[in-house]
Every structure is written in C-alpha cells, then in structure tokens.
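Input: a single structure, listed below in structure tokens.
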Amino acid sequence: MADGCLFCRIVRGEIPAKIVAETPECVAFRDINPQAPTHVVVVPREHVASLDAARDPALVDRLALLAAEIARTEGIAARGYRTVINTNAEAGQTVFHIHLHLLGGRALGWPPG
Ligand code: 5GP
Ligand code: ZN
C-alpha cells in the first residue's frame, strides 16, 4: 500500500467511491469523470504503479476477468465494450496505481485518441 495513492485510499475506504464489485484481490468502482455510459475502473488492492511495473501475470488476468464479469452484469457484454490500461505519460496515465478501464454503452471510435 502507498499512503498517498488515490486508488489505495479508495481501496481502504478513506475516499468514497461508487463501488461496483469487490473480490479478495480487486476493487471496481465508477469513474468520477465517465467517458461512456458505463465507465468502471478496476484496480488490484495491492499497490502496483503501472503495467510497466507489474510482474505478476495473474494480476492483469484478474483485472480483465473481473471487468468482463461487470460488463455482463451491466448488460453491455453482448453489444461490446472496451478495456484499456493507460501506461505512463504518453498514454495519459494520471493515477499511478495500475487500473483497467471498462468502457461501454455507446459506440466507441477506433483508433483511440
Ligand atoms: P488514467 O488517466 O490514469 O488512465 O485514469 C485515471 C482515472 O481515474 C480517470 O479516468 C479519472 O477520471 C479517474 N479518477 C480520478 N480521481 C478519481 C476519484 O477520486 N474517484 C474516482 N472514482 N475516479 C477518479
Ligand atoms: Zn496505490
């Protein structure tokens, strides 16, 4: 855990968030600035700064499969959705606690900006 990390603080319940799902290893909550009708952020409870810093292959599996489960629960799985992990500055990562965005509920353009 990192004391000042925003997502660690959400995981610890120190900052309120609209929690969508919790597992022993992950927490999913609604993005505060949603970019689509469904915009959920899935994070590990453990602090890992970015995908570049990740070493446990199961970590990304857990994030992705929890997002897939939430997509089904949200009713967007059949229509389609996108999962994104922004990594470091040029990709626009702003919170340095690894997180997977789940976006859906509207047609999503490609390529992304
Ligand atoms: P990044 O830009 O690092 O890929 O994504 C960080 C995301 O966290 C952004 O989409 C941003 O809107 C979201 N975010 C930032 N601060 C908060 C917060 O306090 N609560 C919630 N729920 N989301 C946040
Ligand atoms: Zn953290």
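Both counts, for ligands and for their atoms, begin at 1 and track the order of listing. Note that these values count all heavy atoms, side chains included, but never hydrogens, waters or copies made by symmetry.
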Practice task
Verify side-chain contact (heavy atoms from CB on, under 4.5 Å) between E22 and R45, making sure each step is shown before the conclusion.
Solution key: CA-CA 10 Å; E22 290 192 81; R45 292 182 186 275; 3.1 Å; yes
Provide the number and element of each atom of ligand 1 under 4.0 Å from a heavy atom of [X].
| X | answer |
| --- | --- |
| N33 | 12 (O) |
| N86 | 4 (O) |
| G92 | 1 (P), 2 (O) |
| F29 | 22 (N) |

Problem - Residue selection (non-hydrogen contact nearest atom 24 (C) of ligand 1) among I19, I32, L6 - result: I32
Handout entry: Sub-4.5 Å side-chain heavy-atom contact between F7 and I15
Key = no
Quick check: does [X] get an N/O under 3.5 Å from an N/O on ligand 1?
| X | result |
| --- | --- |
| Q93 | no |
| H39 | no |
| V95 | yes |

Handout entry: E74 with R30: basic N within carboxylate O range, under 4.0 Å
Key = yes
Exercise for the section: Could you grab the distance from atom CD1 of I70 to atom OG1 of T83, nearest 0.5 Å is fine? Expected result: 11.5 Å
Minimum-distance protein heavy atom relative to [atom]:
| atom | result |
| --- | --- |
| atom 3 (O) of ligand 1 | T94 N, 2.7 Å |
| atom 5 (O) of ligand 1 | H99 NE2, 2.9 Å |
| atom 10 (O) of ligand 1 | D31 OD2, 2.5 Å |
| atom 8 (O) of ligand 1 | F7 CZ, 3.4 Å |
| atom 22 (N) of ligand 1 | R30 O, 2.9 Å |

Practice task
Look at the side chain of H97 and the backbone N and O of P44, then say whether any donor-acceptor pair between them is shorter than 3.5 Å.
Solution key: yes
Contact with ligand 1 for [X], non-hydrogen, under 4.0 angstrom:
| X | answer |
| --- | --- |
| Q35 | no |
| I15 | no |
| H101 | yes |

Handout entry: the Zn ion (ligand 2) to H97: nearest N/O/S atom name
Key = ND1
Exercise for the section: With the Zn ion (ligand 2) as the reference point, give the N/O/S atom of H47 that is nearest. Expected result: ND1
Is there a path from [X] to [Y] through hydrophobic residues (I, L, V, M, F, W, Y) whose side chains come within less than 4.5 Å of each other?
| X | Y | result |
| --- | --- | --- |
| I76 | L66 | yes |
| V84 | L102 | no |
| V40 | L100 | yes |
| V41 | I10 | yes |

Completion exercise
The SG(C8)-the Zn ion (ligand 2)-SG(C5) angle, to 10°, is 120°
Practice task
Evaluate the criterion side-chain contact (heavy atoms from CB on, under 4.5 Å) for residue pair Q35 and N33; output intermediate values, then yes/no.
Solution key: CA-CA 7 Å; Q35 302 301 311; N33 182 23; 3.5 Å; yes
Practice task
List the steps and the verdict of side-chain contact (heavy atoms from CB on, under 4.5 Å) for L108 and Y81.
Solution key: CA-CA 8 Å; L108 299 164; Y81 58 88; 5.6 Å; no
Problem - Neighbour count above 12 (heavy atom, 6.0 Å) for E14 CD - result: yes
